[in-house]
Amino acid sequence: MHIYVNGTIMPAEQASVSVLDHGFLYGIGLFETVRVYQRRLFLWDDHYARLSSGLLALRIKAPWTAEELADAILRTADANGLADAYVRLSVTAGPEGVGLASDEYVRPSLFIFAKEVPPLTEPPRPKKLQTLSVPRQTAEGHQRFKSHNYINNALARLELGAQPDVEGLFLTREGYVAEGIVSNLFWVTNGHLYTPSTDTGILDGVTRRHVLKLAQKLGIPAQEGWYRPDALVQADEVFVTNSVQEVVPVSTIDGRPVPASYGEYTRALRRAYRESVASGR
C-alpha cells in the first residue's frame, strides 16, 4: 500500500507521524471515508463540508482546498492502481508538543489511504444486528465529530469479536436507539422510514443524509426522532448504511428475524443509491 503524507506518496512502511502530533497525543484529528467509483469521488462536496465544519470547530487551520484534496485522493488511488477504492482521508492537528493548545492549530498533517473494495453482490449479504453492552458515548462537543477519538467504537468491536456478518447496535445511556459501530441505522414500518435523530449524539453520516434525500425523491415518508429498541423489533424492514457498503439489509436483531430482510423499500433505496452512483450525484 502507498500512502499520501503531506504532499508525498510513499510506501506505507515508510510513513510516520510525529510523537508530538496532537492527533497522536490527544486524538485531535478528523477523518472522512470516501468512496471512489471509476476515479470519481462520490458525494465529495458533502464529505468536504463535514470535514471543514469539524476543522473549524477544532480550530485546525487547513491549507487545502476541496479541489486540492480531491486531487490528492485520486493521486493516492492511482498510486495503488485503483479506479474503484475505499479512501480514508485523515487530518491531524499537527506537532504542537505536550500540553493542550490554547490557540488554533496552524501546522496540520494530511494522510490519505486507499484500499481495494470488495465487489458488491446482488442480493447483498445481510447483516445481523446485535445490541451492544457498551453505550454510545455522548458527542464530544456540540456535534458528533468523525474524529480520531475512536475508543467507543473500538470497545464495541472488541465486544463483538471477529464476526464480519454482525453489526453492533449502540444505544444511548438512556436506552434509545443510536447507530451501528460503522453505520447509520434505518427501518421501515407500515411504509414509513425511520432513523434516529442526530440529537441522540450519532454521527451525521453523509450516506445517511443521501438516503434521506433518496427517500424524499421516491415519495417515502421519513422521520427522524428518539426511538426505543421496541421500534426496531416491530419494524417490517431494517437496514444500515455507510459510504463503503452503501445500503445493507438486516436479517436479524439479537437473533430475532426481521420480517422482510430485503424488503421492497430497502430494495428501492438500494437501487436508487446505485443509480445515483452511476449518475455521479
Enquirer: Check whether Glu32 reaches the backbone of Tyr48 with its side chain - one donor and one acceptor, N or O, closer than 3.5 Å.
Expert: no
Enquirer: Could you list the donor-acceptor pairs under 3.5 angstrom formed between side-chain atoms of residues 165-174 and any protein atom two or more places apart in sequence or on another chain?
Expert:
unit_1, atom_1, unit_2, atom_2, d
Glu167, OE2, Ile181, N, 3.2
Glu167, OE2, Val182, N, 3.1
Glu167, OE2, Ser183, N, 3.4
Glu167, OE2, Ser183, OG, 2.6
Thr172, OG1, Glu174, N, 3.3
Thr172, OG1, Glu174, OE1, 3.2
Thr172, OG1, Gly175, N, 3.3
Thr172, OG1, Tyr176, N, 3.0

Enquirer: Please examine the side chains of Leu41 and Leu74, heavy atoms only from C-beta on, and report whether any two atoms are closer than 4.5 Å.
Expert: yes
Enquirer: Does a side-chain N-to-carboxylate-O contact under 4.0 Å join Arg208 and Glu224?
Expert: yes
Enquirer: Taking atom CG of Asp236 and atom NE2 of His192, what is their separation to the nearest 0.5 Å?
Expert: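 It comes to 12.0 Å.
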Enquirer: Sub-3.5 Å donor-acceptor pair from the side chain of Thr76 to the main-chain atoms of Ala72, do we have one?
Expert: yes
Enquirer: Working to the nearest 0.5 Å, report the span between CZ of Arg75 and NE2 of His2.
Expert: 12.5 Å
Enquirer: For a quick test of your reading: what N or O donor-acceptor pairs under 3.5 Å do the side chains of residues 90-118 make, sequence neighbours left out?
Expert:
unit_1, atom_1, unit_2, atom_2, d
Ser90, OG, Arg88, NE, 2.9
Ser90, OG, Arg88, NH2, 3.4
Thr92, OG1, Asp21, OD1, 3.2
Thr92, OG1, Asp21, OD2, 2.8
Tyr105, OH, His22, ND1, 2.8
Arg107, NH2, Pro95, O, 2.4

Enquirer: Of all the heavy-atom pairs spanning Pro196 and Ile202, show the shortest one and how long it is.
Expert: O-CD1, 3.5 Å
Enquirer: Could you tell me which non-hydrogen atom of Ala156 sits nearest to which non-hydrogen atom of Leu132, and how far apart they are?
Expert: CB-CD1, 3.6 Å
Enquirer: Please, which pairs that meet ring-ring contact (aromatic ring centres under 6.0 Å, His included) have at least one residue in residues 252-277, sequence neighbours excluded?
Expert: Phe42-Tyr273, His210-Tyr273
Enquirer: Any luck finding a side-chain donor-acceptor pair between Glu159 and Ser133 under 3.5 Å?
Expert: yes
Enquirer: Please report the closest heavy-atom contact between Ala15 and Val5, naming both atoms and the distance.
Expert: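 It is CB-CG2, 3.8 Å.
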Enquirer: Using 0.5 Å steps for rounding, measure from the CZ atom of Arg271 to the CG atom of Leu218.
Expert: 8.5 Å
Enquirer: What is the minimum heavy-atom distance between Lys128 and Ser251, and which atoms define it?
Expert: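 Here Lys128 and Ser251 meet closest at CG-OG, 3.9 Å.
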Enquirer: Taking atom CD1 as the centre, does Ile151 end up with more than 12 heavy-atom neighbours from other residues, nucleotides or ligands that are less than 6.0 angstrom away?
Expert: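 Open.
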Enquirer: Output, in order, the C-alpha distance, side-chain angles, deciding distance and verdict of side chain to side chain contact (heavy atoms under 4.5 Å, CB included) for Arg35 and Leu43.
Expert: CA-CA 8 Å; Arg35 189 67 166 84; Leu43 301 177; over 6 Å; no
Enquirer: What pairs with Ser243 under side chain to side chain donor-acceptor pair (under 3.5 Å), at least two apart in sequence or on another chain?
Expert: Thr207
Enquirer: Quick one: do Met1 and Met10 end up in the same hydrophobic cluster if we chain Ile, Leu, Val, Met, Phe, Trp and Tyr together by side-chain heavy atoms under 4.5 Å apart?
Expert: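 The answer is yes; both residues are in one hydrophobic cluster.
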Enquirer: If you compare all heavy atoms of Asp199 against all heavy atoms of Trp226, which two are closest, and at what distance to 0.1 Å?
Expert: O-CZ2, 3.4 Å
Enquirer: Give the cluster check for Leu30 versus Leu25: same hydrophobic cluster or not, with ILVMFWY residues linked at side-chain heavy-atom distances below 4.5 Å.
Expert: yes
Enquirer: What residues join Leu120 in its hydrophobic cluster, counting side-chain heavy atom gaps under 4.5 Å, either direct or through other members?
Expert: none
Enquirer: I want to check something: taking the side chain as every heavy atom from C-beta on, are Thr189 and Gln234 in contact at a cut-off of under 4.5 Å?
Expert: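 With C-beta onward as the side chain, the pair stays apart.
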Enquirer: Got Leu82 and Val36 here, is their nearest side-chain heavy-atom distance under 4.5 Å?
Expert: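 Leu82 vs Val36: side chains apart.
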Enquirer: If I compare all heavy atoms of Arg136 with all of Asn153, which pair ends up nearest, and what's the gap?
Expert: NH1-OD1, 3.4 Å
Enquirer: Under the salt bridge (Lys or Arg N to Asp or Glu O under 4.0 Å) rule, collect the residues that match up with Glu246, sequence neighbours excluded.
Expert: Arg274
Enquirer: Looking at residues at least two apart in the chain, or sitting in another chain, which of them share a side chain to side chain donor-acceptor pair (under 3.5 Å) with Gln14?
Expert: none
Enquirer: Could you pull out all residues at least two apart from Thr252 that satisfy side chain to side chain donor-acceptor pair (under 3.5 Å)?
Expert: none
Enquirer: Using side-chain heavy atoms (C-beta onward) and a distance below 4.5 Å, is Leu269 in contact with Thr241?
Expert: no
Enquirer: Applying salt bridge (Lys or Arg N to Asp or Glu O under 4.0 Å), name anything that partners Arg59, two or more places apart in sequence or on another chain.
Expert: none
Enquirer: How long is the straight-line distance from CD of Gln143 back to OG1 of Thr198, given to the nearest 0.5 Å?
Expert: 10.0 Å
Enquirer: Taking only residues two or more places apart in sequence, or in another chain, which ones meet Glu122 in a salt bridge (Lys or Arg N to Asp or Glu O under 4.0 Å)?
Expert: Arg270
Enquirer: Gln38: what forms a side-chain contact (heavy atoms from CB on, under 4.5 Å) with it, not counting sequence neighbours?
Expert: Ala83, Asp84
Enquirer: Distance-only, no hydrogens or angles: does the Arg40 side chain make a donor-acceptor pair with backbone N or O of Ala278 under 3.5 Å?
Expert: yes
Enquirer: When clusters are formed by joining ILVMFWY residues with side-chain heavy atoms under 4.5 Å apart, either directly or through shared neighbours, do Ile60 and Leu69 land in the same one?
Expert: yes
Enquirer: Would you check if Leu185 and Leu129 make a side-chain contact, meaning some heavy-atom pair closer than 4.5 Å?
Expert: yes
Enquirer: Would you mind telling me which of Arg209, Arg50, Arg144 makes a side-chain hydrogen bond (donor to acceptor under 3.5 Å, both in side chains) with Asp204?
Expert: Arg209
Enquirer: Taking the side chain from Ser261 and the backbone from Val258, do they hold a donor-acceptor pair closer than 3.5 Å?
Expert: no
Enquirer: Take atom CZ in Arg228; do more than 12 heavy atoms of anything else shown fall under 6.0 Å from it?
Expert: yes
Enquirer: Take Thr33 and Asn242 through the test side chain to side chain contact (heavy atoms under 4.5 Å, CB included) and record every step on the way to the result.
Expert: CA-CA 9 Å; Thr33 301; Asn242 66 29; over 6 Å; no
Enquirer: Grouping I, L, V, M, F, W and Y whenever their side-chain heavy atoms are under 4.5 Å apart, do Ile253 and Trp187 come out in a common cluster?
Expert: yes
Enquirer: Would you check, one step at a time, whether the test side chain to side chain contact (heavy atoms under 4.5 Å, CB included) holds for Leu232 with Val250?
Expert: CA-CA 11 Å; Leu232 282 177; Val250 169; over 6 Å; no
Enquirer: To the nearest 0.5 Å, tell me how far Glu67 CD sits from Trp44 CH2.
Expert: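 Going from CD on Glu67 over to CH2 on Trp44, the span is 9.5 Å.
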Enquirer: What verdict does the side chain to side chain contact (heavy atoms under 4.5 Å, CB included) test give for Leu212 and Phe186, after you've listed the backbone C-alpha separation in whole Å, the side-chain angles of each residue and the deciding distance to 0.1 Å?
Expert: CA-CA 10 Å; Leu212 286 171; Phe186 290 85; 3.8 Å; yes
Enquirer: Measuring only between side-chain heavy atoms, which start at C-beta, is Gln223 closer than 4.5 Å to Leu193?
Expert: no
Enquirer: Enumerate the ring-ring contact (aromatic ring centres under 6.0 Å, His included) contacts for residues 53-100, please, sequence neighbours excluded, ordered by first and then second residue.
Expert: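 Residue pairs with at least one partner in residues 53-100: there are none.
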Enquirer: Can Val238 be reached from Val247 by stepping across I, L, V, M, F, W or Y side chains whose heavy atoms are under 4.5 Å apart?
Expert: no
